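A short write-up of the structure that comes next.
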Amino acid sequence: MTIDLHAETRSTGVDAAVAAARRVIDALVRAGDISGADMADVADRLNAVADDLEDTAPPLDERLVDMWRGDGNTRHDPVTGPENPIAPPLRYEAVDTRTIEATTTLGLPHQGPPSSVHGGVSALLLDHTLGVANGWAGTSGMTAELTLRYHRLTPLFEPITVAARQVSVDGRKIRTTGEITANGEPCVTAEGLFIATYPPRPR
């Protein structure tokens, strides 16, 4: 059952514009310098869009307050955020009361080794997923330590599963584990130590 572990994507507004931006990012990386596209014209059109957005954007402090408004899931984070064009985005499901998982397929914008996910991208996905698992289990906090073990290359262009489970809570210390798997085989495993504290939200 899909549950409220992430902000829901809307079909209009900024979410639709961000989905289009994801297509542009993917298409640019796919095209490269060997594309038949007129890249000078592409750059002019993209700069025109950026100019429009920059001219109408609110002040940064106002936007930061808006990003952190409410107590629900943020819409801007780089893993699940429907307002963030670098987010895949992941969509989590609950496995049990302490465990969550998401399945996604990554493409060329996330490449490290040939046809494989960049190790830093794997770390990003796991850090965030461990944090969301903590929230789902009922006790969350900030990352203090994140230990990763890379077992094999994580493939692009095919489904991967990102999962995490809260293992224990000892006072303010929270321990959580996670993994990225492909075809049922572990690609990256993680152990995290989190501290039950949060910085103040912008106001």
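Keep in mind that this is a model prediction, so the values were computed, not measured. One is the number of the first residue; the rest follow in order along the sequence.
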- Working for side-chain hydrogen bond (donor to acceptor under 3.5 Å, both in side chains), residues Thr154 and Ser116: CA-CA 5 Å; Thr154 302; Ser116 304; over 6 Å; no
- Task: Check the pair Ser140, Phe194 against side-chain contact (heavy atoms from CB on, under 4.5 Å), reporting the backbone distance first and the verdict last.
- Result: CA-CA 7 Å; Ser140 58; Phe194 295 77; over 6 Å; no
Looking at [atom1] of [X] and [atom2] of [Y], how far apart are the two atoms once the value is rounded to the nearest 0.5 Å?
X: Thr104; Y: Glu158; atom1: OG1; atom2: CD; value: 12.5 Å
X: Thr143; Y: Asn134; atom1: OG1; atom2: CG; value: 8.5 Å
X: Ile160; Y: Glu179; atom1: CD1; atom2: CD; value: 11.5 Å
X: Arg149; Y: His151; atom1: CZ; atom2: NE2; value: 5.0 Å
X: Thr177; Y: Leu130; atom1: OG1; atom2: CG; value: 7.0 Å
X: Asp77; Y: Met67; atom1: CG; atom2: CE; value: 10.5 Å

Has the side chain of [X] got a donor or acceptor atom that lies under 3.5 Å from a matching backbone atom of [Y]?
X: Glu101; Y: Glu93; answer: no
X: Ser35; Y: Ala37; answer: yes
X: Thr56; Y: Asp52; answer: yes
X: Arg175; Y: Ser168; answer: no

- Task: Dump the intermediate steps for side-chain contact (heavy atoms from CB on, under 4.5 Å) on Ile174 and Ile195, then the final yes or no.
- Result: CA-CA 6 Å; Ile174 307 159; Ile195 304 300; over 6 Å; no
- Message: Is it true that, when you exclude Arg152 itself, more than 12 heavy atoms of the residues, nucleotides or ligands shown sit nearer than 6.0 Å to its CZ?
- Response: yes
- Message: If you count heavy atoms of other groups shown closer than 6.0 angstrom to CD of Gln111, is the number above 12?
- Response: yes
Identify whether [X] and [Y] are in the same connected component of the hydrophobic contact network (ILVMFWY, side-chain heavy atoms under 4.5 Å).
X: Leu124; Y: Ile100; answer: yes
X: Val14; Y: Val79; answer: no
X: Leu60; Y: Trp68; answer: yes
X: Ile180; Y: Val95; answer: no
X: Val132; Y: Leu193; answer: no

What's the shortest heavy-atom distance between [X] and [Y], and which atoms?
X: Asp15; Y: Pro82; result: OD2-CB, 3.5 Å
X: Ile86; Y: His110; result: O-NE2, 3.8 Å
X: Leu153; Y: Pro113; result: CD2-CG, 3.8 Å
X: Tyr198; Y: Gly141; result: OH-O, 3.5 Å
X: Tyr150; Y: Ala123; result: OH-CB, 4.2 Å
X: Leu126; Y: Gly178; result: CD2-C, 4.0 Å

- Item | Ionic contact status for Lys173 with Asp170, cut-off 4.0 Å | no
- Any Lys/Arg nitrogen of Asp96 or Arg165 sitting under 4.0 Å from an Asp/Glu carboxylate oxygen of the other? yes
- Message: Using the side chain to side chain contact (heavy atoms under 4.5 Å, CB included) criterion, which residues pair with Pro59? Sequence neighbours excluded.
- Response: Asp61, Glu62
- Just by distance, with hydrogens left out, do Thr9 and Arg91 show a side-chain donor and acceptor under 3.5 Å apart? yes
- Task: Could you verify whether a donor N or O on one side chain and an acceptor N or O on the other, from Thr129 and Tyr92, lie under 3.5 Å apart?
- Result: yes
- Heavy-atom distance under 4.5 Å between the side chains of Pro89 and Pro78, does that happen here? no
- Item | Any Pro199 side-chain heavy atom under 4.5 Å of Met142 side chain | yes
- Applying salt bridge (charged side-chain N to carboxylate O under 4.0 Å, His left out), name anything that partners Glu83, two or more places apart in sequence or on another chain. Arg63, Arg75
- Query: Checking side-chain contact (heavy atoms from CB on, under 4.5 Å) for the pair Leu125/Leu106: CA distance, chi angles, key distance, verdict?
  - Reply: CA-CA 11 Å; Leu125 298 182; Leu106 301 179; 4.0 Å; yes
- Message: Please determine whether side-chain contact (heavy atoms from CB on, under 4.5 Å) holds for the pair Val167 and Thr176, giving the CA-CA distance in whole Å, both sets of side-chain angles, and the decisive distance to 0.1 Å.
- Response: CA-CA 5 Å; Val167 175; Thr176 315; 5.7 Å; no
Using atom types as modelled, flag every donor-acceptor pair under 3.5 Å from a side chain in residues 16-29 to any protein atom, sequence neighbours excluded.
residue : atom : partner : partner atom : Å
Arg22   : NE   : Ala87   : O            : 2.7
Arg22   : NH2  : Gly81   : O            : 3.2
Arg22   : NH2  : Asn84   : O            : 3.0

